[in-house]
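Take a look at the structure below.
Each chain gets a letter, A, B and so on, in the order its sequence line appears, and its residues count up from 1. Not measured: the values here are computed from a predicted model.
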2 protein chains.
Amino acid sequence: MSTSEPHDRYHHGDLRRALVEAALELLLEGGTEALGMRELARRGGVSAAAPYRHFRDKQALIQAVAAAGFALFLEAIDKAKADVPAEEQFGAMAEAYVQFALRYPRLYRLMFSSELGKFEDKELRRAADAAYESLAVAAARQDPEAPGEAAISAWAFVHGLSMLLLDEQLLGVSAANAEPLIRKLTRRQARRFGNPRSA
Amino acid sequence: MSTSEPHDRYHHGDLRRALVEAALELLLEGGTEALGMRELARRGGVSAAAPYRHFRDKQALIQAVAAAGFALFLEAIDKAKADVPAEEQFGAMAEAYVQFALRYPRLYRLMFSSELGKFEDKELRRAADAAYESLAVAAARQDPEAPGEAAISAWAFVHGLSMLLLDEQLLGVSAANAEPLIRKLTRRQARRFGNPRSA
DNA sequence: TCCCGCATGTGAGCAATGTCAACATCTGAG
DNA sequence: CTCAGATGTTGACATTGCTCACATGCGGGA
């Protein structure tokens, strides 16, 4: 919503960025269906073929959006762990993780959706790995005796919890009143998987 | 692959079922992108407009496919818990759960994908709830003191683990060699969340 | 300063898709 | 036997992703 003045000159100046921004907006408003090359071009005030100077196909555009999403995501969980003592970092991050999913459900889903081709696009892969890594580090600290397993388990837990909440699959729990539940569950997970001696 | 003889008579006989079956095949082979109304009609040996006698739109068709998916899914996890003593049921189901996701990645993803409209389609909702319920029951038994929380946690765990494996986000672990890891992690989860007195 | 190459944007056009309305055909209930 | 409703067909429309040939203009070397 920040840079959306329709351009007048022939060359846009920074179309690529403008397209990704517009795509992000479009996605947040209308879901994956609403995200189309032509509509994007329209929003950029540019012809239908122009985007193809910056993205090989629709998939490439979507990968860029997903990468941007992971950047936002990383920022969110890193901010959450910043002002918190080490032992509580995992809990804080888990909370931030789930809240991100609830705040941007369509973006979150896109980031983990089917034929993204996350294995081919290098930039996307790096963005995703960075976010994963940050969480994994905090999770591993929860159980120094088996850090690898702890990381995977914790990570799976937050991811799965997010999905369940998005599906409104938890009876009587919706995005609105999810916060207490999130807090309780992440604490529970942290406690159970925490170093036994410190419990 | 079973009922795919091209029909000859004017009325197909059981087009609806044929369409869902074809859609399932198409999905398993080619992903969501390959799943189109017209292609479906072609496979059914029927005109492009015919499917609209059975499904309001593409979304309705997809919901039906997802519902079929949940049925398959329920069958898989129920079979897993059948021949196993009660205390080991959760572990067995968790394993089956993850293996289903790995065996039918595209179907699994569709079942949990974005704009499915799981909240509107009654049949889909019932199918999904049935599967969820079955797992939740076994999970709740793991911790009689807090069955609700235990169910959600366990459930989130398997779901998240599945997604991570599908993303090949776990370094060095791919669908091929995932089995030992799955077993180890589900056992670990069961142990940690199991009744403390029986540990 | 001029000029020209290359990145960037345009326009028309193609094949394919989702969906609809008007018409055809079959089938089962009365 | 008949005829109403369910099911299938034909043809059309708007829209989409994408490509190709051409237009434009910015920036660096003469």
Checklist entry - Got a sec, which pairs hit side chain to side chain donor-acceptor pair (under 3.5 Å) with one end in residues 59-78 of chain B, sequence neighbours left out? => result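 Passing the test, one end in residues 59-78 of chain B: Asp78(B)-Ser134(B).
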
Checklist entry - Which residue pairs pass the side chain to side chain donor-acceptor pair (under 3.5 Å) test with at least one member in residues 84-105 of chain A, sequence neighbours excluded? => result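 Applying side chain to side chain donor-acceptor pair (under 3.5 Å) to every pair that reaches into residues 84-105 of chain A, excluding sequence neighbours, yields Gln89(A)-Arg141(A), Glu95(A)-Arg183(A), Tyr97(A)-Tyr108(A), Tyr97(A)-His159(A).
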
Give every pair of a protein N or O atom and an N or O atom of nucleotides 13-17 of chain C that lie under 3.5 Å apart, one pair per line with the distance.
unit_1: dG13(C); atom_1: O6; unit_2: Arg38(A); atom_2: NH2; d: 3.3
unit_1: dT17(C); atom_1: OP2; unit_2: Arg42(B); atom_2: NH2; d: 2.9

Item to check | Derivation and outcome, salt bridge (charged side-chain N to carboxylate O under 4.0 Å, His left out), residues Arg43(A) and Glu29(A) | outcome: CA-CA 14 Å; Arg43(A) 294 227 174 179; Glu29(A) 299 169 10; 3.5 Å; yes

Checklist entry - Got more than 12 heavy atoms from elsewhere within 6.0 Å of CZ, Arg42(B)? => result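 Enclosed: over 12 neighbouring heavy atoms sit under 6.0 Å from CZ of Arg42(B).
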
Could you tell me the separation between the [atom1] atom of [X] and the [atom2] atom of [N], rounded to a whole number of Å?
X: Glu33(B); N: dG18(C); atom1: CD; atom2: P; answer: 11 Å
X: Asp14(A); N: dT8(C); atom1: CG; atom2: C1'; answer: 12 Å
X: Arg16(B); N: dA6(D); atom1: CZ; atom2: P; answer: 15 Å
X: Leu15(A); N: dC26(D); atom1: CG; atom2: P; answer: 15 Å

Taking the side chain of [X] as its heavy atoms from C-beta onward, which of [options] lies nearest to it?
X: Ala49(B); options: dG18(C), dG9(C), dT10(D); result: dT10(D)
X: Tyr52(B); options: dG9(C), dT19(C), dC18(D); result: dT19(C)
X: Arg53(B); options: dC23(C), dT10(C), dT10(D); result: dC23(C)

Item to check | Asp143(B) side chain reached by Glu149(B) side chain, heavy atoms, under 4.5 Å | outcome: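 Sidechains of Asp143(B) and Glu149(B): no contact.
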
Checklist entry - Distance check: side-chain N/O of His54(A) vs OP1/OP2 of dG9(C), anything under 4.0 Å? => result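 Checking dG9(C) against His54(A), a side-chain N or O does come within under 4.0 Å of OP1 or OP2.
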
Checklist entry - How long is the span from the CG atom in Leu19(A) to the CG atom in Leu61(A), to the nearest 0.5 Å? => result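 CG of Leu61(A) is found 6.5 Å from CG of Leu19(A).
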
